Structures are given as C-alpha cells and as structure tokens.
Amino acid sequence: MADWKFFTNHALVLLAVAADPEILLREIAEAVGITERAAHRIIGDLETGGYITRKRKGRRNFYQVHLEAVLTQQGLNHPLLEGRSMGQVAAQYLSAGRRDVGEDLGVAEALQDARNRIAARATTSSR
C-alpha cells in the first residue's frame, strides 16, 4: 500500500506558526522534518496565499495566521471546501464531537522537541 499524508507540509508549517508566532525558520524546518529552504518557500507560499502575514522586527520574523482567509488554492475546489475559510474548516473539526480536540494535538510539545534537538546539536558541535 502506498504511503500517504493526511496533512501536507504547508499545513504542518501553518500549524507550527499558529502554535508559536515567534518561531524561527530552522525550528519550523526541524519540527516539520523539512529543510530550512523548503520551510522558507512554504512560508512564502502561505504569505502569498494570504494565509499568514510576516512582520520583521530586527532580525526576527513574527507571524500572524489569518483564519478568515478563504481556501483558494488549486485542488481545493471540492464542494466541501469551496469558498470556506480556514477558520470555518477548523471549526467543523472542532465541533465534530469534542471541544478539547486541540489540546491533545501536541503541537507545542513537538515544537519544544525540535528546539531541544537544535540546542543539543549546537552544544555537540561547539565542543
């Protein structure tokens, strides 16, 4: 049976940014399991699509997710998605049975694990 993904890398990057608006590009890459270059490209795609806004303050980026952004990418023209915003689609999942769905996703924990791996590598390479 062929491998498949429920969420694309774009969706995973969006989850990471939503969980931590001050996240670093290398932390996004580590958390999602992609290269920094791929993370940078995906951030650009999400920004161009109107799903996020990126603001630069000094050397850091700060992200804002736009839940009101209508899903307009090619391939999202299915009647279940057409003309709906990210927030509307997310609300549909949240109202599907449990109110605490987001609490057990572990996004914050996954981001912390990625940060710990980055810190461990930095410590190892500086020795």
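Being a predicted model, the structure only gives us computed values, none of them experimental.
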Find the distance between [atom1] ([X]) and [atom2] ([Y]) and round it off to the nearest 0.5 Å.
| X | Y | atom1 | atom2 | answer |
| --- | --- | --- | --- | --- |
| Leu15 | Asn9 | CG | CG | 11.5 Å |
| Leu25 | Thr35 | CG | OG1 | 9.0 Å |
| Leu14 | Asp45 | CG | CG | 12.0 Å |
| Asn116 | Thr123 | CG | OG1 | 10.5 Å |
| Tyr51 | Leu67 | OH | CG | 12.5 Å |

Legend entry - Shortest non-hydrogen separation from Tyr63 to Ile52 and the atoms involved: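 Shortest heavy-atom contact: CD2-CD1, 4.0 Å.
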Legend entry - Considering all heavy atoms, the nearest Ala69-Gly50 contact: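 Residues Ala69 and Gly50, closest heavy atoms: CB-O, 3.4 Å.
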Inset, instruction - Determine, for Phe62 and Lys57, whether the Lys NZ or Arg CZ falls below 6.0 Å from the six-membered ring centre while staying within 45 degrees of the axis. - result: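 Cation-pi check for Lys57 and Phe62: passes.
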Heavy-atom side-chain contact between [X] and [Y] under 4.5 Å:
| X | Y | result |
| --- | --- | --- |
| Lys55 | Arg60 | no |
| Val17 | Gln64 | no |
| Ile42 | Ile34 | yes |

Inset, instruction - Please check if Leu24 and Ile28 belong to a single hydrophobic cluster, counting links between Ile, Leu, Val, Met, Phe, Trp and Tyr side chain heavy atoms closer than 4.5 Å. - result: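 Different clusters.
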Inset, instruction - Look at Glu27 together with Arg117 and state whether they make a salt bridge at an N to O cut-off of under 4.0 Å. - result: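 Salt bridge between Glu27 and Arg117, a charged N being under 4.0 Å from a carboxylate O: no.
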Legend entry - Carboxylate-amine/guanidinium contact Glu36 Arg26, below 4.0 Å: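 So Glu36 does not pair with Arg26 through a salt bridge.
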Inset, instruction - Mark yes or no for whether Arg54, through its side chain, and Asn61, through its backbone, hold a donor-acceptor pair below 3.5 Å. - result: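 No; zero donor-acceptor contacts below 3.5 Å.
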